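This report refers to the structure that appears directly beneath it.
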Amino acid sequence: MTLRRLNGSRILLLALCLLPVLALGKPIRELEITSEPEENGRKLYTIKFLPGETRNYDELEFSCAYRQTFLWEDMRGRKTTKIHEPVVFVYRHHDARLVDDLHAYFNFRVPISMERLKKKYGDDVFNAEAPVTIARIQISGIKEKQTLWSFEFEASGKHTIPDQPEAEDTNDAELDPELE
């Protein structure tokens with residue numbers, strides 16, 4: 001559905017919702033996610049930011065989605081590959097400052113061994129026979145209890161943030177007369 005098909009009140013509501021995102025421009029231009037091998041049941045992740053603006057945040061939130069992939073047999077005996085993402089591990093870095101065009105680094109450890117996961121989340125959350133990985137990481141910038149931006153990435157590699165889409169011009173004279 002395009003904006004031209006929406007009525008005036010919905011267009012105004014949509015514009016008001018997008019205003020904080022569009023006003024920010026590009027808070028992060030690129031980032032790189034790396035990890036070290038598991039040690040003592042935990043894996044060290046390093047996130048390297050290249051900000052597109054200077055801003056203070058009350059916190060940066062890193063939400064890491066656990067993933068297990070294993071063969072599964074259903075009630076009829078059919079075997080399929082099951083992808084299981086039971087919980088999300090959240091790390092919060094308080095009082096963060098990102099400076100335009102100056103790299104910033106954040107490190108945190110994620111419990112990854114079955115022993116640590118069972119201790120934290122219980123015995124029945126993970127399949128004990130399948131390895132556990134981090135599939136993706138969602139990163140959010142928070143100021144005064146409001147999420148200013150949020151991006152989700154694969155849990156490794158270099159990522160470029162796409163430009164924000166331009167807002168569609170809603171002052172066209174060609175609006176559908178039935179919706180006015």
Side-chain angles (χ1 to χ4, degrees), residues 17-18 20-22 24-53 55 57-98 103-143 145-165:
C17 290
L18 290 176
V21 174
L22 295 174
L24 279 176
K26 199 168 187 178
I28 305 295
R29 285 192 270 171
E30 68 180 35
L31 66 92
E32 186 173 0
I33 301 172
T34 58
S35 64
E36 299 295 323
E38 180 182 336
E39 185 178 313
N40 295 327
R42 298 182 299 176
K43 197 168 193 173
L44 176 68
Y45 280 86
T46 300
I47 314 288
K48 179 174 94 171
F49 284 91
L50 180 60
E53 66 181 9
R55 182 179 287 265
Y57 297 95
D58 294 336
E59 64 184 36
L60 292 178
E61 183 177 274
F62 303 87
S63 300
C64 305
Y66 287 109
R67 175 179 276 189
Q68 290 185 295
T69 304
F70 51 91
L71 283 176
W72 179 260
E73 188 173 333
D74 67 10
M75 299 289 280
R76 295 181 182 162
R78 293 180 297 195
K79 292 183 179 180
T80 59
T81 301
K82 183 173 182 175
I83 297 174
H84 181 57
E85 294 183 351
V87 292
V88 174
F89 173 82
V90 178
Y91 168 76
R92 290 180 179 89
H93 183 88
H94 299 283
D95 299 322
R97 179 171 173 83
L98 299 179
H103 285 108
Y105 294 84
F106 297 92
N107 300 301
F108 54 92
R109 295 186 192 286
V110 178
I112 200 90
S113 71
M114 195 56 65
E115 179 184 328
R116 286 184 182 270
L117 293 173
K118 283 183 177 184
K119 190 178 202 180
K120 184 169 180 73
Y121 298 108
D123 292 336
D124 299 329
V125 176
F126 290 91
N127 179 343
E129 304 300 318
V132 178
T133 61
I134 300 297
R136 63 191 180 284
I137 299 176
Q138 180 178 339
I139 304 169
S140 304
I142 300 168
K143 180 77 172 176
K145 297 184 181 180
Q146 287 192 337
T147 301
L148 301 179
W149 51 264
S150 186
F151 301 105
E152 187 169 283
F153 306 98
E154 289 182 26
S156 66
K158 194 170 193 175
H159 307 281
T160 303
I161 311 301
D163 289 328
Q164 295 291 334

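Quick caveat, the model's predicted, so the values are computed rather than measured.
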So salt bridge (Lys or Arg N to Asp or Glu O under 4.0 Å) across residues 37-51, not counting sequence neighbours, yields Glu32-Lys48
*Heavy atoms, side chains only, cut-off 4.5 Å: are Val110 and Leu44 in contact?*
no
Residues passing the side-chain contact (heavy atoms from CB on, under 4.5 Å) test with Glu61, sequence neighbours excluded, are Glu59, Ser63, Val90, Arg92, Ser140, Ile142
Output for pair (Ile137 CD1, His159 NE2), nearest 0.5 Å, gives 8.0 Å
The reported gap from CG in Leu71 to CD in Glu129 (rounded to nearest 0.5 angstrom) is 12.5 Å
Hits for salt bridge (Lys or Arg N to Asp or Glu O under 4.0 Å) against Arg97, two or more places apart or cross-chain, chain-then-number order -> none
*Would you say Tyr66 and Leu117 make side-chain contact, with heavy atoms under 4.5 Å?*
yes
Correct closest heavy-atom pair for Ser150 and Gln138 would be OG-NE2, 2.7 Å
| task | Just do the side-chain contact (heavy atoms from CB on, under 4.5 Å) check on Leu98 and Arg55 with the steps written out, would you? | result | CA-CA 6 Å; Leu98 299 179; Arg55 182 179 287 265; 5.7 Å; no
Within-4.5 Å side-chain heavy-atom neighbours: Ile47 and Leu60: no
Applying side chain to side chain donor-acceptor pair (under 3.5 Å) to Tyr57 and not counting sequence neighbours gives Trp149
Query raised in the report: Would you call Glu30-Lys158 a salt bridge at under 4.0 Å N-O?
Result: yes
Closest heavy-atom pair, Ala155 versus Ile33, reported as atoms and distance to 0.1 Å, is O-CG2, 3.1 Å
For residues 65-87, the salt bridge (Lys or Arg N to Asp or Glu O under 4.0 Å) pairs (sequence neighbours left out) are Arg67-Glu85, Asp74-Arg78, Glu85-Arg136
Rounded to the nearest 0.5 angstrom, the CZ-CD1 distance for Phe49 and Ile161 is 8.5 Å
By ring-ring contact (aromatic ring centres under 6.0 Å, His included), His93 pairs with (sequence neighbours left out) Phe106
So side-chain hydrogen bond (donor to acceptor under 3.5 Å, both in side chains) across residues 104-127, not counting sequence neighbours, yields Thr46-Asn107
Rounded to the nearest 0.5 Å, the CG atom of Asn40 sits from the CD1 atom of Ile112 at a distance of 14.0 Å
Of all heavy-atom pairs linking Arg29 and Gly52, the shortest is NE-CA, 3.7 Å
Checklist line | Note, Tyr45 side chain near Thr34 side chain (heavy atom, < 4.5 Å) | finding: no
Self-check item: Check against side-chain contact (heavy atoms from CB on, under 4.5 Å), Thr81 and Thr69
Solution: CA-CA 7 Å; Thr81 301; Thr69 304; 3.4 Å; yes
Met114 and Ala128 have their tightest heavy-atom pair at CE-CA, 3.9 Å
Less than 4.5 Å apart, any side-chain heavy atom of Phe62 and any of Ile139?
-> yes
Across all chains, not counting sequence neighbours, the side-chain contact (heavy atoms from CB on, under 4.5 Å) partners of Thr80 are Trp72
Practice item. On the 0 to 90° scale, with breaks at 30° and 60°, tag the Tyr91-Phe108 ring pair as parallel, tilted or perpendicular. Key: parallel
Do the side chain of His103 and the main chain of Leu31 share a donor and acceptor less than 3.5 angstrom apart? no
